[in-house]
Amino acid sequence: MLSRPRRNRKSAAIRGLVAETSLRTSQLIYPMFLAEGKAQRIEIKSMPGQYRLSADELLREIESCVELGVMSYCLFPVVSEVHKDKYATSSKDPNGLYPTTIRTIKEAFPDVCIMTDVAMDPYSTDGHDGLVEGGKILNDETLPILAAMAVAQAQAGADIIGPSDMMDGRVWHIREELDKAGYADVSIMSYTAKYASAFYGPFREALDSAPKFGDKKTYQMNPANIQEALREADLDAREGADILMVKPALAYLDVIKALSDTQTLPISCYNVSGEYAMIKAAAAQGWIDGPRTMAETLLAMRRAGASTILTYFAKEFAQQFPSGI
Ligand code: PBG
């Protein structure tokens, strides 16, 4: 036998030498939920270990994560019904909870990277990512609302704007408005291939942001499609995105791979709430080894071609694998 692949697996040292893929905490972005009020730390039932945090608690949490080497965060606001309306008006208020908290975080931790979420759903009484009129989600009328939201976030010190709404032309529109407002240095990580997925269930519970009627299938992508993801990627690249994201991640590794094979921009993926919940639930039953399953899952996303992963496991990964895998 001339070829014995097992020789390259005979010790941890040799396995380390020939490992094709690796993952470090610096490649992870930690999504967190920002709530109103003070001293609020409410665990999300379907996402054990994840919380709705008021700004003071969020700052404390970031401090403990920074000590572990987690340097990038994506914030999602939990907005109470009184601050919601049809036009998501509160989303562009520079003194709103979200921009104010970004400002506070950047003052306390100037080295951390803050990514935002741009979509109407957390602020909208309709619970849709775009403006609703007569039961339809309007595209072009939504664009200025998204851009105003992005500008307020940039003004607050956001490093990366993350449009998650899936309206056509929004990357271009946001890029133009950011530049006009003097924020040419602020990046855009586009949710390029965002699928209409059942894996977002726990997130919508966390934010109380489920659509009030219908579903999101006229703007989020059909899970059956991959050619369409390539088309979205071409558009976002041309419209000025800096990083292209695939979401969800685990059931869409082929899409991550296709984008990383065909695009020159860095590819990111979002290991979403439902993917987190599945591992946590099975591990709690003792049916799988939680930390090992987490590591294997995240590594698979890297192997598929993601340079960056948004994951609720960010802190736990940093704790379990301080020098990476
Ligand atoms: C909506 C948004 C969603 C997520 C991030 N931004 C949910 C949705 O599209 O309904 C899901 C994230 C997750 O499930 O972890 N703008």
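Counting starts at 1 for both ligands and their atoms, in listed order. Small disclaimer: the values here were computed from a predicted structure and weren't measured.
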Completion exercise
Nearest non-hydrogen protein atom to atom 10 (O) of ligand 1, with distance, is R204 NE, 2.6 Å
Handout entry: Shortest protein heavy-atom distance from atom 16 (N) of ligand 1, along with the residue and atom involved
Key = S164 OG, 2.8 Å
Fill in the blank from the handout: ligand 1 to Q220, heavy atom cutoff 4.0 Å, flagged ligand atoms 8 (C), 9 (O)
Practice task
Please state whether E275 comes within less than 4.0 angstrom of ligand 1, counting heavy atoms only.
Solution key: no
Practice task
For residues Y252 and Y195, establish whether the separation of their ring centroids is below 6.0 Å.
Solution key: yes
Practice task
Pick one of side chain, backbone, both or neither for how Y312 approaches ligand 1, counting any non-hydrogen atom pair under 4.0 Å.
Solution key: side chain
Completion exercise
The closest protein heavy-atom partner of atom 14 (O) of ligand 1 is S273 OG, 2.7 Å
Handout entry: Y276 and E316 side chains, donor-acceptor separation under 3.5 Å
Key = no
Practice task
Please confirm whether Y270 comes under 4.0 Å of ligand 1, counting heavy atoms of the residue only.
Solution key: yes
Problem - Where ligand 1 meets K216 - atom numbers and elements under 4.0 angstrom, heavy-atom basis - result: 8 (C), 9 (O), 10 (O)
Problem - Pair S46, E205: side-chain N/O donor-acceptor within cut-off below 3.5 Å - result: yes
Problem - Where ligand 1 meets A119 - atom numbers and elements under 4.0 angstrom, heavy-atom basis - result: 16 (N)
Practice task
For the residue pair D85 and T125, confirm or rule out a side-chain donor-acceptor distance under 3.5 Å.
Solution key: no
Handout entry: Which of the ligand 1 atoms, numbered from 1, are nearer than 4.0 Å to a heavy atom of D121
Key = 1 (C), 16 (N)
Exercise for the section: Please report the shortest heavy-atom distance between I29 and P31, naming the atom on each side. Expected result: O-CD, 3.3 Å
Exercise for the section: Identify whether the distance between the nearest side-chain nitrogen and carboxylate oxygen of R41 and E61 falls below 4.0 Å. Expected result: yes
Practice task
State, without any angle test, whether E36 and H83 hold a side-chain donor-acceptor pair at a distance under 3.5 Å.
Solution key: yes
Handout entry: Centroid-centroid under 6.0 Å between F203 and F76 rings
Key = yes
Handout entry: Shortest protein contact, atom 2 (C) of ligand 1 (heavy atom only)
Key = K194 NZ, 3.2 Å
Problem - Nearest non-hydrogen protein atom, atom 6 (N) of ligand 1 - result: K247 NZ, 3.3 Å
Fill in the blank from the handout: At under 4.0 Å between heavy atoms, what of D165 touches ligand 1? The answer is neither
Practice task
Measure centre to centre between the rings of F317 and F321, then say whether the value is under 6.0 Å.
Solution key: yes
